[in-house]
Amino acid sequence: MEEISVLVCDDSALMRNLISHIIDGNEGMKVIAKAQNGQIALDRLADPEIKPDVMVLDIEMPVMNGIEFLKERKARKINVPVIILSSIAIKGAAVTMQALELGAVDFITKPNGSVSADISEIADRLIDMVASYGYTYARRQGKQTYIPEFFQRQRKLLQAERSVAKIKAANLDEPPQKPKLDLAQLRSFNSIEKKEPAVITPLREGGKIELIGLGISTGGPNALRDVFKMIDPHLQQPILVVQHMPKGFTKAFAESLNKICPLSVKEAEDGDKIENGHIYIAPGDYHIVVEQRFGGNVIRLSQEAPRNGHRPSADVMFESMAKVYKNHALGVIMTGMGRDGAVQLAEMRKQGAWTIGQDEESSIVYGMPRAAWEMGAVQKQVPLTKMADAISSIAREHLTS
(Lines give C-alpha, C1' and ligand atoms only; values in the text may rest on other atoms or scores of the structure.)
Protein backbone atom coordinates (compact mmCIF):
# COMPACT_ATOMS: atom_id res chain seq x y z
CA MET A 1 0.00 0.00 0.00
CA GLU A 2 1.42 3.41 -0.99
CA GLU A 3 1.56 6.40 1.35
CA ILE A 4 -0.34 9.62 0.74
CA SER A 5 2.49 12.04 -0.02
CA VAL A 6 2.34 15.65 1.20
CA LEU A 7 4.13 18.92 0.38
CA VAL A 8 4.16 21.49 3.21
CA CYS A 9 4.67 25.17 2.34
CA ASP A 10 5.06 27.66 5.21
CA ASP A 11 7.62 30.40 5.82
CA SER A 12 8.04 29.39 9.47
CA ALA A 13 10.51 26.55 10.07
CA LEU A 14 8.71 25.81 13.33
CA MET A 15 5.35 25.48 11.59
CA ARG A 16 6.82 23.31 8.82
CA ASN A 17 8.23 20.99 11.44
CA LEU A 18 5.07 20.93 13.56
CA ILE A 19 2.84 20.20 10.57
CA SER A 20 5.26 17.53 9.32
CA HIS A 21 5.37 15.92 12.76
CA ILE A 22 1.56 15.65 12.83
CA ILE A 23 1.38 14.17 9.32
CA ASP A 24 4.36 11.81 9.66
CA GLY A 25 2.92 10.52 12.94
CA ASN A 26 0.21 8.73 10.95
CA GLU A 27 0.73 5.36 9.36
CA GLY A 28 -0.09 5.72 5.66
CA MET A 29 0.91 9.35 4.98
CA LYS A 30 4.23 11.16 4.76
CA VAL A 31 5.66 14.63 4.08
CA ILE A 32 7.92 14.23 1.07
CA ALA A 33 8.91 17.88 0.59
CA LYS A 34 8.87 21.26 2.34
CA ALA A 35 9.05 24.83 1.06
CA GLN A 36 9.31 28.22 2.77
CA ASN A 37 7.47 30.17 0.07
CA GLY A 38 5.37 29.73 -3.04
CA GLN A 39 8.28 30.00 -5.48
CA ILE A 40 10.18 27.18 -3.80
CA ALA A 41 6.96 25.14 -3.76
CA LEU A 42 6.66 25.59 -7.52
CA ASP A 43 10.28 24.47 -7.89
CA ARG A 44 9.54 21.38 -5.80
CA LEU A 45 6.48 20.59 -7.92
CA ALA A 46 8.59 20.88 -11.08
CA ASP A 47 10.92 18.17 -9.77
CA PRO A 48 9.85 14.84 -11.35
CA GLU A 49 11.03 13.05 -8.20
CA ILE A 50 8.56 14.97 -6.02
CA LYS A 51 4.97 13.95 -6.68
CA PRO A 52 2.71 14.98 -3.80
CA ASP A 53 -0.90 13.87 -3.59
CA VAL A 54 -1.89 16.94 -1.56
CA MET A 55 -0.33 20.20 -0.44
CA VAL A 56 -0.67 22.24 2.77
CA LEU A 57 -0.19 25.96 2.06
CA ASP A 58 0.28 29.11 4.14
CA ILE A 59 -0.95 32.46 2.77
CA GLU A 60 1.41 35.09 4.22
CA MET A 61 4.93 34.30 2.95
CA PRO A 62 7.82 36.30 1.47
CA VAL A 63 8.95 36.16 -2.19
CA MET A 64 5.69 34.50 -3.34
CA ASN A 65 2.68 34.34 -1.04
CA GLY A 66 -0.10 31.79 -1.10
CA ILE A 67 -2.43 33.78 -3.36
CA GLU A 68 0.35 34.40 -5.88
CA PHE A 69 1.23 30.72 -5.76
CA LEU A 70 -2.36 29.69 -6.46
CA LYS A 71 -2.50 32.05 -9.46
CA GLU A 72 0.71 30.58 -10.86
CA ARG A 73 -0.45 27.06 -10.08
CA LYS A 74 -3.59 27.72 -12.08
CA ALA A 75 -1.59 29.18 -14.98
CA ARG A 76 0.67 26.13 -15.03
CA LYS A 77 -2.35 23.78 -14.82
CA ILE A 78 -1.04 22.06 -11.68
CA ASN A 79 -3.91 20.05 -10.23
CA VAL A 80 -2.48 18.79 -6.92
CA PRO A 81 -5.12 19.68 -4.29
CA VAL A 82 -4.17 22.55 -1.97
CA ILE A 83 -5.38 22.90 1.63
CA ILE A 84 -4.96 26.38 3.09
CA LEU A 85 -3.55 26.41 6.63
CA SER A 86 -3.08 30.03 7.57
CA SER A 87 -3.53 32.59 10.31
CA ILE A 88 -4.63 35.20 7.76
CA ALA A 89 -7.87 33.25 7.39
CA ILE A 90 -8.81 34.52 10.85
CA LYS A 91 -8.16 38.16 9.91
CA GLY A 92 -9.60 38.15 6.44
CA ALA A 93 -12.20 35.61 5.38
CA ALA A 94 -12.34 37.31 1.98
CA VAL A 95 -8.72 36.30 1.32
CA THR A 96 -9.59 32.71 2.19
CA MET A 97 -12.52 32.82 -0.24
CA GLN A 98 -10.17 34.23 -2.89
CA ALA A 99 -7.92 31.23 -2.31
CA LEU A 100 -10.88 28.90 -2.84
CA GLU A 101 -11.86 30.77 -6.00
CA LEU A 102 -8.30 30.29 -7.26
CA GLY A 103 -8.51 26.54 -6.78
CA ALA A 104 -7.68 25.72 -3.16
CA VAL A 105 -9.89 22.84 -2.06
CA ASP A 106 -10.41 23.72 1.61
CA PHE A 107 -8.99 25.65 4.54
CA ILE A 108 -8.07 25.43 8.21
CA THR A 109 -7.20 28.35 10.47
CA LYS A 110 -4.09 28.19 12.62
CA PRO A 111 -4.87 28.59 16.32
CA ASN A 112 -3.42 31.56 18.21
CA GLY A 113 -1.46 33.21 15.43
CA SER A 114 0.89 32.33 12.62
CA VAL A 115 3.42 30.39 14.71
CA SER A 116 1.81 28.27 17.37
CA ALA A 117 2.71 25.23 19.40
CA ASP A 118 -1.07 24.81 19.73
CA ILE A 119 -1.23 23.46 16.17
CA SER A 120 -2.20 20.15 17.81
CA GLU A 121 -5.66 21.71 18.34
CA ILE A 122 -6.42 21.30 14.66
CA ALA A 123 -4.41 18.09 14.12
CA ASP A 124 -7.46 15.85 13.67
CA ARG A 125 -9.05 18.16 11.12
CA LEU A 126 -5.75 18.49 9.25
CA ILE A 127 -5.32 14.71 9.06
CA ASP A 128 -8.92 14.23 7.92
CA MET A 129 -8.43 16.74 5.09
CA VAL A 130 -5.03 15.38 4.04
CA ALA A 131 -6.51 11.87 4.03
CA SER A 132 -9.64 12.88 2.11
CA TYR A 133 -8.18 15.11 -0.59
CA GLY A 134 -4.93 13.13 -0.81
CA TYR A 135 -6.75 9.83 -1.23
CA THR A 136 -9.05 11.18 -3.94
CA TYR A 137 -6.16 12.66 -5.94
CA ALA A 138 -3.91 9.61 -5.45
CA ARG A 139 -6.67 7.25 -6.57
CA ARG A 140 -7.14 9.27 -9.76
CA GLN A 141 -3.39 8.98 -10.39
CA GLY A 142 -3.61 5.20 -10.14
CA LYS A 143 -2.06 4.89 -6.68
CA GLN A 144 -3.26 2.44 -4.06
CA THR A 145 -3.46 4.30 -0.75
CA TYR A 146 -5.40 3.87 2.48
CA ILE A 147 -8.99 5.12 2.49
CA PRO A 148 -9.85 8.19 4.65
CA GLU A 149 -11.68 6.01 7.18
CA PHE A 150 -8.40 4.14 7.80
CA PHE A 151 -6.96 7.29 9.40
CA GLN A 152 -10.06 7.82 11.53
CA ARG A 153 -9.77 4.24 12.78
CA GLN A 154 -6.07 4.76 13.45
CA ARG A 155 -6.84 7.83 15.56
CA LYS A 156 -9.51 6.00 17.57
CA LEU A 157 -7.17 3.07 18.23
CA LEU A 158 -4.43 5.43 19.39
CA GLN A 159 -6.85 7.22 21.70
CA ALA A 160 -7.94 3.89 23.14
CA GLU A 161 -4.32 2.80 23.64
CA ARG A 162 -3.53 6.07 25.41
CA SER A 163 -6.48 5.59 27.76
CA VAL A 164 -5.38 2.05 28.58
CA ALA A 165 -1.79 3.21 29.11
CA LYS A 166 -2.94 5.93 31.54
CA ILE A 167 -5.03 3.48 33.55
CA LYS A 168 -2.15 0.99 33.75
CA ALA A 169 0.30 3.73 34.74
CA ALA A 170 -2.05 4.99 37.44
CA ASN A 171 -2.44 1.50 38.89
CA LEU A 172 1.33 0.94 38.87
CA ASP A 173 2.16 4.49 39.98
CA GLU A 174 4.56 5.09 37.08
CA PRO A 175 4.70 7.28 33.94
CA PRO A 176 2.46 6.03 31.11
CA GLN A 177 4.18 4.20 28.27
CA LYS A 178 3.98 5.53 24.72
CA PRO A 179 1.01 3.81 23.04
CA LYS A 180 1.82 1.25 20.35
CA LEU A 181 -0.49 0.35 17.52
CA ASP A 182 -1.01 -3.15 16.26
CA LEU A 183 0.02 -2.21 12.71
CA ALA A 184 -0.89 -5.58 11.24
CA GLN A 185 -4.44 -5.27 12.57
CA LEU A 186 -4.67 -1.64 11.49
CA ARG A 187 -3.43 -2.30 7.94
CA SER A 188 -6.07 -4.97 7.47
CA PHE A 189 -8.70 -2.24 7.69
CA ASN A 190 -8.86 -0.58 4.30
CA SER A 191 -12.35 -1.07 3.00
CA ILE A 192 -15.91 -0.26 3.96
CA GLU A 193 -18.41 -3.07 3.69
CA LYS A 194 -21.04 -2.09 1.17
CA LYS A 195 -24.56 -2.57 2.45
CA GLU A 196 -27.81 -2.80 0.58
CA PRO A 197 -29.94 0.25 1.37
CA ALA A 198 -32.72 -0.16 3.89
CA VAL A 199 -36.26 0.21 2.60
CA ILE A 200 -38.27 3.20 3.80
CA THR A 201 -42.00 3.19 3.13
CA PRO A 202 -43.12 6.84 3.05
CA LEU A 203 -46.18 7.80 5.06
CA ARG A 204 -47.50 9.75 2.08
CA GLU A 205 -46.70 10.34 -1.58
CA GLY A 206 -44.35 13.14 -2.53
CA GLY A 207 -46.08 16.43 -3.17
CA LYS A 208 -45.29 19.92 -4.38
CA ILE A 209 -41.73 20.93 -3.48
CA GLU A 210 -41.79 24.16 -1.48
CA LEU A 211 -38.29 24.10 0.04
CA ILE A 212 -34.92 22.51 -0.79
CA GLY A 213 -32.38 21.65 1.91
CA LEU A 214 -28.75 20.73 1.20
CA GLY A 215 -26.23 19.28 3.66
CA ILE A 216 -22.52 19.07 2.81
CA SER A 217 -19.11 18.98 4.50
CA THR A 218 -15.57 17.97 3.41
CA GLY A 219 -15.17 18.82 -0.26
CA GLY A 220 -18.12 21.17 -0.01
CA PRO A 221 -16.73 24.63 -0.87
CA ASN A 222 -15.78 23.74 -4.43
CA ALA A 223 -18.67 21.31 -4.88
CA LEU A 224 -21.16 24.06 -4.01
CA ARG A 225 -19.44 26.38 -6.47
CA ASP A 226 -19.91 23.74 -9.18
CA VAL A 227 -23.59 23.24 -8.30
CA PHE A 228 -24.69 26.83 -7.82
CA LYS A 229 -23.02 28.27 -10.89
CA MET A 230 -25.06 25.76 -12.96
CA ILE A 231 -28.34 25.91 -11.04
CA ASP A 232 -31.47 26.84 -13.01
CA PRO A 233 -31.72 30.66 -12.94
CA HIS A 234 -35.51 30.27 -12.95
CA LEU A 235 -35.60 27.93 -9.94
CA GLN A 236 -38.52 29.10 -7.81
CA GLN A 237 -38.03 27.19 -4.56
CA PRO A 238 -35.75 28.58 -1.84
CA ILE A 239 -32.68 26.56 -0.75
CA LEU A 240 -31.25 26.20 2.76
CA VAL A 241 -27.61 25.06 2.96
CA VAL A 242 -25.62 23.60 5.83
CA GLN A 243 -21.91 23.62 4.94
CA HIS A 244 -19.68 22.69 7.85
CA MET A 245 -17.56 25.83 8.11
CA PRO A 246 -16.12 27.81 11.06
CA LYS A 247 -17.65 30.94 12.48
CA GLY A 248 -16.68 34.09 10.60
CA PHE A 249 -16.37 32.57 7.12
CA THR A 250 -19.88 31.81 5.94
CA LYS A 251 -20.74 35.43 5.14
CA ALA A 252 -17.73 35.75 2.82
CA PHE A 253 -18.47 32.28 1.44
CA ALA A 254 -22.06 33.26 0.64
CA GLU A 255 -20.84 36.44 -1.03
CA SER A 256 -18.38 34.46 -3.16
CA LEU A 257 -21.17 32.08 -4.24
CA ASN A 258 -23.44 35.02 -5.01
CA LYS A 259 -20.93 36.23 -7.61
CA ILE A 260 -21.26 33.06 -9.69
CA CYS A 261 -24.82 31.90 -8.93
CA PRO A 262 -27.79 33.13 -11.00
CA LEU A 263 -29.89 33.08 -7.81
CA SER A 264 -29.46 35.33 -4.80
CA VAL A 265 -27.15 33.81 -2.16
CA LYS A 266 -26.73 35.18 1.35
CA GLU A 267 -25.70 34.15 4.84
CA ALA A 268 -28.90 33.37 6.72
CA GLU A 269 -29.98 35.73 9.49
CA ASP A 270 -32.37 35.00 12.32
CA GLY A 271 -35.88 35.97 11.27
CA ASP A 272 -35.20 35.97 7.51
CA LYS A 273 -38.38 35.35 5.58
CA ILE A 274 -37.82 32.35 3.30
CA GLU A 275 -38.27 33.75 -0.20
CA ASN A 276 -38.52 31.85 -3.47
CA GLY A 277 -35.41 31.79 -5.64
CA HIS A 278 -33.09 32.62 -2.73
CA ILE A 279 -30.29 30.51 -1.23
CA TYR A 280 -29.54 30.82 2.50
CA ILE A 281 -26.21 29.60 3.92
CA ALA A 282 -26.27 28.60 7.59
CA PRO A 283 -23.84 30.79 9.58
CA GLY A 284 -20.86 29.08 11.16
CA ASP A 285 -21.55 28.03 14.77
CA TYR A 286 -25.36 28.33 14.36
CA HIS A 287 -27.97 25.68 13.61
CA ILE A 288 -30.56 26.68 11.03
CA VAL A 289 -34.23 25.65 11.33
CA VAL A 290 -37.57 26.63 9.85
CA GLU A 291 -40.32 28.29 11.88
CA GLN A 292 -43.86 28.11 10.54
CA ARG A 293 -45.50 31.52 10.33
CA PHE A 294 -48.82 32.74 8.96
CA GLY A 295 -47.91 34.76 5.89
CA GLY A 296 -44.60 33.03 5.26
CA ASN A 297 -42.15 30.75 7.04
CA VAL A 298 -38.97 32.21 8.51
CA ILE A 299 -35.46 31.09 9.39
CA ARG A 300 -34.45 30.65 12.99
CA LEU A 301 -30.86 30.33 14.16
CA SER A 302 -29.81 28.67 17.39
CA GLN A 303 -26.72 27.75 19.36
CA GLU A 304 -28.13 24.61 20.87
CA ALA A 305 -25.60 21.84 21.45
CA PRO A 306 -23.77 20.54 18.36
CA ARG A 307 -25.32 17.52 16.68
CA ASN A 308 -22.98 14.82 15.34
CA GLY A 309 -20.13 17.08 16.42
CA HIS A 310 -21.33 19.92 14.19
CA ARG A 311 -22.99 23.31 14.52
CA PRO A 312 -24.53 23.95 12.05
CA SER A 313 -25.75 20.40 11.61
CA ALA A 314 -27.48 19.03 8.52
CA ASP A 315 -29.52 16.73 10.78
CA VAL A 316 -30.95 19.71 12.66
CA MET A 317 -31.97 21.40 9.40
CA PHE A 318 -33.46 18.24 7.87
CA GLU A 319 -35.33 17.47 11.11
CA SER A 320 -36.97 20.89 10.98
CA MET A 321 -37.87 20.47 7.32
CA ALA A 322 -39.43 17.06 7.98
CA LYS A 323 -41.64 18.54 10.71
CA VAL A 324 -42.73 21.67 8.87
CA TYR A 325 -42.81 20.61 5.20
CA LYS A 326 -43.30 16.82 5.41
CA ASN A 327 -43.74 15.65 1.78
CA HIS A 328 -43.38 19.15 0.31
CA ALA A 329 -39.58 19.33 0.33
CA LEU A 330 -36.45 18.10 -1.41
CA GLY A 331 -33.47 16.98 0.68
CA VAL A 332 -29.98 16.79 -0.81
CA ILE A 333 -26.90 15.27 0.85
CA MET A 334 -23.43 15.63 -0.62
CA THR A 335 -19.75 14.96 0.01
CA GLY A 336 -18.65 14.88 3.63
CA MET A 337 -17.04 12.83 6.37
CA GLY A 338 -19.17 11.22 9.05
CA ARG A 339 -22.93 10.74 9.22
CA ASP A 340 -24.38 14.21 9.72
CA GLY A 341 -27.68 14.56 7.89
CA ALA A 342 -28.29 10.86 7.28
CA VAL A 343 -30.76 10.16 10.10
CA GLN A 344 -33.02 13.14 9.49
CA LEU A 345 -32.84 12.84 5.71
CA ALA A 346 -34.29 9.37 6.33
CA GLU A 347 -37.02 11.05 8.37
CA MET A 348 -37.71 13.43 5.50
CA ARG A 349 -38.02 10.44 3.18
CA LYS A 350 -40.37 8.76 5.65
CA GLN A 351 -42.57 11.86 5.61
CA GLY A 352 -42.74 11.62 1.81
CA ALA A 353 -40.13 14.22 0.82
CA TRP A 354 -38.03 13.84 -2.30
CA THR A 355 -34.34 13.05 -1.72
CA ILE A 356 -31.11 12.77 -3.70
CA GLY A 357 -27.49 12.12 -2.76
CA GLN A 358 -24.09 12.53 -4.36
CA ASP A 359 -22.58 9.33 -5.74
CA GLU A 360 -19.40 7.69 -4.44
CA GLU A 361 -17.22 8.32 -7.47
CA SER A 362 -17.61 12.10 -7.45
CA SER A 363 -17.55 12.56 -3.66
CA ILE A 364 -14.32 13.74 -2.04
CA VAL A 365 -15.53 11.77 0.99
CA TYR A 366 -18.40 9.33 0.57
CA GLY A 367 -19.28 9.36 4.25
CA MET A 368 -22.45 11.40 4.68
CA PRO A 369 -23.93 10.27 1.33
CA ARG A 370 -23.08 6.63 2.06
CA ALA A 371 -24.69 6.70 5.50
CA ALA A 372 -27.84 8.26 4.04
CA TRP A 373 -27.93 5.79 1.14
CA GLU A 374 -27.55 2.77 3.44
CA MET A 375 -30.37 4.04 5.66
CA GLY A 376 -32.67 4.18 2.64
CA ALA A 377 -32.84 7.98 2.86
CA VAL A 378 -31.71 8.60 -0.73
CA GLN A 379 -34.02 7.92 -3.65
CA LYS A 380 -31.40 8.59 -6.30
CA GLN A 381 -27.61 9.05 -6.40
CA VAL A 382 -26.12 11.44 -8.94
CA PRO A 383 -22.58 12.61 -9.79
CA LEU A 384 -21.46 16.12 -8.95
CA THR A 385 -21.46 17.13 -12.63
CA LYS A 386 -25.20 16.38 -12.82
CA MET A 387 -26.23 17.60 -9.36
CA ALA A 388 -27.35 21.07 -10.48
CA ASP A 389 -29.48 19.55 -13.25
CA ALA A 390 -30.93 16.93 -10.89
CA ILE A 391 -31.96 19.52 -8.29
CA SER A 392 -33.35 21.86 -10.94
CA SER A 393 -35.31 19.22 -12.85
CA ILE A 394 -36.85 17.62 -9.73
CA ALA A 395 -37.81 21.06 -8.43
CA ARG A 396 -39.42 22.01 -11.77
CA GLU A 397 -41.22 18.68 -12.07
CA HIS A 398 -42.81 19.08 -8.64
CA LEU A 399 -43.52 22.78 -8.67
CA THR A 400 -47.25 22.16 -8.40
CA SER A 401 -49.22 19.50 -6.54
Side-chain angles (χ1 to χ4, degrees), residues 1-9 19 22-23 26-33 45 50-57 70 73-74 77-85 99-108 124-155 189-194 215-227 243-245 332-341 357-373 381-388:
M1 192 65 64
E2 297 176 84
E3 293 176 312
I4 292 174
S5 55
V6 187
L7 191 160
V8 175
C9 182
I19 295 166
I22 290 171
I23 293 170
N26 288 261
E27 172 78 8
M29 60 176 61
K30 183 177 181 60
V31 173
I32 60 166
L45 290 168
I50 299 175
K51 296 181 179 179
D53 300 310
V54 63
M55 181 175 171
V56 180
L57 178 72
L70 288 169
R73 167 185 173 272
K74 189 174 183 179
K77 294 181 169 56
I78 298 170
N79 58 0
V80 175
V82 176
I83 300 166
I84 300 298
L85 176 57
L100 293 176
E101 290 168 8
L102 288 169
V105 292
D106 223 318
F107 70 94
I108 310 174
D124 289 353
R125 189 160 177 239
L126 175 62
I127 293 306
D128 283 344
M129 284 194 183
V130 168
S132 301
Y133 293 107
Y135 167 76
T136 301
Y137 180 82
R139 181 183 59 177
R140 290 170 182 167
Q141 304 308 306
K143 289 178 64 175
Q144 294 295 316
T145 63
Y146 291 108
I147 60 176
E149 289 82 0
F150 169 88
F151 298 96
Q152 286 187 318
R153 184 178 181 87
Q154 183 176 170
R155 186 163 64 241
F189 177 82
N190 196 38
S191 64
I192 300 293
E193 180 185 355
K194 292 188 176 181
I216 190 167
S217 186
T218 311
N222 284 336
L224 286 178
R225 291 178 62 82
D226 288 344
V227 171
Q243 160 71 68
H244 297 155
M245 190 172 280
V332 184
I333 194 161
M334 295 179 62
T335 176
M337 188 166 286
R339 303 176 60 84
D340 188 36
Q358 189 172 350
D359 71 354
E360 182 173 8
E361 185 61 29
S362 69
S363 295
I364 294 295
V365 187
Y366 187 59
M368 288 162 52
R370 175 195 283 118
W373 172 255
Q381 295 190 103
V382 297
L384 178 60
T385 54
K386 296 183 179 179
M387 185 61 74

Between [atom1] on residue [X] and [atom2] on residue [Y], distance to nearest 0.5 Å:
X	Y	atom1	atom2	result
Y366	E361	OH	CD	11.5 Å
K51	I32	NZ	CD1	10.0 Å
W373	K194	CH2	NZ	11.5 Å
R153	Y146	CZ	OH	12.5 Å

Measure across [X] and [Y] and return the closest heavy-atom pair with its distance rounded to 0.1 Å.
X	Y	value
P148	S132	CG-CA, 3.9 Å
I333	M368	CD1-O, 3.7 Å
E27	Q154	N-OE1, 2.7 Å
P52	V6	CB-C, 4.3 Å
N222	A104	ND2-O, 3.1 Å
R125	D106	NH2-OD1, 4.5 Å

Which residue, [options], forms the side-chain contact (heavy atoms from CB on, under 4.5 Å) with [X]?
X	options	value
F151	D124, D128, V130, I4	I4
V105	T136, I83, V82, L100	I83
M387	L224, V332, D359	V332

Any salt bridge linking E101 with K74? Criterion: basic side-chain nitrogen under 4.0 Å from a carboxylate oxygen. no

Check ion pair E3-K143 (N to O, under 4.0 angstrom): no

Could you check if a side-chain atom of [X] sits within less than 4.5 angstrom of a side-chain atom of [Y], using non-hydrogen atoms only?
X	Y	result
L85	I19	yes
Y135	I364	no
L70	I84	yes
L384	M334	yes
M337	S217	no
M245	F107	yes

Quick one, Y133 with D53, criterion side-chain hydrogen bond (donor to acceptor under 3.5 Å, both in side chains). Give me CA distance, side-chain angles, the key distance, then yes/no. CA-CA 8 Å; Y133 293 107; D53 300 310; over 6 Å; no

For E149 and R370, run salt bridge (Lys or Arg N to Asp or Glu O under 4.0 Å): C-alpha distance rounded to whole Å, both residues' side-chain angles, the deciding distance at 0.1 Å, then the answer. CA-CA 13 Å; E149 289 82 0; R370 175 195 283 118; 3.4 Å; yes

Stepwise, does the side-chain contact (heavy atoms from CB on, under 4.5 Å) test hold for D340 with H244? CA-CA 10 Å; D340 188 36; H244 297 155; 2.8 Å; yes

Are any side-chain N or O atoms of T335 and backbone N or O atoms of T218, one a donor and one an acceptor, separated by less than 3.5 Å? yes

Should we count CZ of R339 as having more than 12 external heavy atoms under 6.0 Å? no

